[in-house]
Number of protein chains: 2
Amino acid sequence: MTNLGDLEIFARVVSTGSMSAAGRTLGFSPAVISKRIKRLEDRLGTRLLQRTTRQISLTEAGQGFYDRVLGILTGIEEAEAYASGRSSQAQGVLRISAPTSFGRMHIAPHLTGFMKDHLDLKLHIVLTDDFTDIVADGFDMAVRIGELTDSSLVARKLAPVRRLLCASPDYIARNGAPTEIGELARHFCLPAHNNDNWKLEGPEGSLVWHPEGPLVTNSSEIVRAAVIAGAGIALRSTWDIGPELRSGQLVQVLPQWEGSKNLTLSAVYPSRQFLPAKVRLFIDYLATLYGPVPYWEQ
Amino acid sequence: MTNLGDLEIFARVVSTGSMSAAGRTLGFSPAVISKRIKRLEDRLGTRLLQRTTRQISLTEAGQGFYDRVLGILTGIEEAEAYASGRSSQAQGVLRISAPTSFGRMHIAPHLTGFMKDHLDLKLHIVLTDDFTDIVADGFDMAVRIGELTDSSLVARKLAPVRRLLCASPDYIARNGAPTEIGELARHFCLPAHNNDNWKLEGPEGSLVWHPEGPLVTNSSEIVRAAVIAGAGIALRSTWDIGPELRSGQLVQVLPQWEGSKNLTLSAVYPSRQFLPAKVRLFIDYLATLYGPVPYWEQ
DNA sequence: TGCCATTGTTTCCGAAATGGAAAAACTCAA
DNA sequence: TTGAGTTTTTCCATTTCGGAAACAATGGCA
């Protein structure tokens, strides 16, 4: 039977991208890493890593094996935590992937509150707007905004996402407010990253609007700043511009139209029979933080 | 990090019910088993097994740990098979639980056909009418007849189950055929195991009939024999009495009534990210064997 | 009640494995 | 070409591992 240490070493080599680096983080000499990888490959009868002395890459078999090994290792971690009676406490490292903007605005400020209840837990948070493969990249969970897709992941809805059209009072004063959807064509529209098709729902059903404007960027933060500065009309989420709406820095336009309703804020994690406590607790924390009506909607 | 051998040994001790027996099947001396179990418990800081010199029982922590360990071990098995390129072939031992009657009539006759395509596979088949906990009992999958329940198991529908009322021509000749549902009260009814409430659906909606008759048994095989012998009217599945209906040994009565439609024949298995090939292939085999219209319906 | 077969545990010892240092082999970039 | 950083191989000391034997404890059976 395969040695578990070999699997752990293999996983670390993949995640660090080098045998020496894996050795350093695990406290082994490079010689040991090399020997264990070789032994694993011999036992499986397959090459897992294609290696030169300067870099390492996964073979196809190695990639599939790696995906599986990650699940096995967290499974063992969870089983040990369970048996040790630590099953109700978060412990170890919790690796989270989250969208940049949302993460900065609505996750980061609440982290200390969670951490002070779970002193044995370390958090690794990566903010990115790429839809990463959380299992391949070794995340325990991710926070996602989007339409729910079927996959091998389990999604738990945290909150609905409302998107509405808005502009600054300043802009409205200069350009007037549109009263019908067609008038958008005469306005500056500010599309955002991954959002150059505005799916809108209104009294007359739904439509897709292709906003065209003077500013194109992949950063929703820039769009956000631009609309506040009066550069045009944008379709923004309430979690993003809730305070500005309340303070009057922004006003909603065409309030009868909203973004497509089938967007949700969700926590996703790999399908597992036994969910580690750290994941369960963090998702619960976010769910109570945001739900049933998110504070940014109030 | 926990040694994988310890987990394997622990699992074997639980499944065999004794350290010595586990040692014998794994090729270790009892001394080794004892030491490894002790080491595992020390590392977890919990007692997993309550033991006297004559028998062993799981503690609560041990039970939960065992459930998890089984999943981990099959996960490792699957990962190794994948990396070794054996992922598309069935290999190892496939442990199946199935209902006694159905298993004998509709699984057993087809096993050789499956086995000759998969020479590296050994089958362990347990026929029982108890709804066993397949993960705790170490089964890879089970064939079930019933209403689909939500659980941690994944169910794949293999075929619908039709149940209808039937009797022997002989019985009909002696007692006449009922023409309305109420007339069942004047007939001998033969309830079967787990089936003493007949949920029937007919032209006037659905009803539940409590059959009362001269024969009470937990063996559906006995009921089957009895109805063929002319002892009364029974509610039987088409997979059970299809040949008798065709040959005329049995005839349907009250054909406007059938058993509740939400019964299905399904294959169930623990929810896993990566399903072992042996399980996938066997379920596929059964699905093509029975579907889309089962041969016993034709 | 008193064997006694069976089981779990401990101790000790030889065998096997593991990890590390050093050197060798190698790649890539400057 | 050189040099830094990497993987691999070769030994060697150390640790771990497995088994035999002795011991302890339990429960069935006469």
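Every chain is numbered from 1, with letters handed out A, B, ... down the list of sequences.
How far CZ of A/Arg36 is from CG of A/Leu26: 10.0 Å, rounded to the nearest 0.5 Å. Here CZ of A/Phe274 is found 12.5 Å from CZ of A/Arg280. Values are rounded to the nearest 0.5 Å. Taken from CG in A/Leu123 to CD1 in A/Ile107, the straight-line distance is 10.5 Å, to the nearest 0.5 Å.
The CD-P distance, from A/Gln55 to C/dC28, rounds to 7 Å in whole Å. Atom CD in A/Glu8 sits roughly 16 Å away from atom C1' in C/dG19 (whole-Å rounding). Across the protein-nucleic acid pair, B/Ile56 atom CD1 and D/dG27 atom C1' stand 15 Å apart, rounded to whole Å. Separating the CZ atom of A/Arg43 from the P atom of C/dA17 is a distance of 11 Å, rounded to the nearest angstrom. Distance NZ (A/Lys38) to P (D/dT10): 10 Å, rounded to an integer number of Å. Here C/dT9 presents its P atom at 11 Å from CG of B/Asp42, a figure rounded to the nearest Å. Taking atom CZ on A/Arg24 and atom C1' on D/dG5, their separation rounds to 9 Å, with Å as the unit. Distance B/Met19 CE to C/dT10 C1': 13 Å, rounded to the nearest Å.
Screening residues 59-69 of chain A for salt bridge (charged side-chain N to carboxylate O under 4.0 Å, His left out) gives A/Arg68-B/Glu78 as the qualifying pairs, with residues at least two apart or on separate chains.
Considering only side-chain N and O atoms, B/Arg51 lies under 4.0 angstrom from the phosphate OP1 or OP2 of C/dT9. An OP1 or OP2 oxygen of D/dT9 is reached within less than 4.0 angstrom by no side-chain nitrogen or oxygen of A/Ser34.
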- Would you give a per-nucleotide map of nucleotides 12-25 of chain D, 5' to 3', where B means the base has a protein non-hydrogen atom under 4.0 Å away, S means only the sugar-phosphate does, and - means neither? -----SBBB----B
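With B/Glu80 as the fixed residue, the side chain to side chain contact (heavy atoms under 4.5 Å, CB included) test singles out one of A/Thr46, A/Leu44, A/Leu40: A/Leu44.
A salt bridge does not link A/Arg272 to A/Glu77: none of the charged nitrogens lies less than 4.0 Å from a carboxylate oxygen.
Applying the side chain to side chain contact (heavy atoms under 4.5 Å, CB included) criterion to B/Ile283, with sequence neighbours excluded, gives B/Met141, B/Arg156, B/Leu158, B/Ala267, B/Tyr269, B/Val279.
In this structure, A/Ile33 reaches neither bases nor backbone, as no heavy-atom distance under 4.0 Å exists between it and the strands shown.
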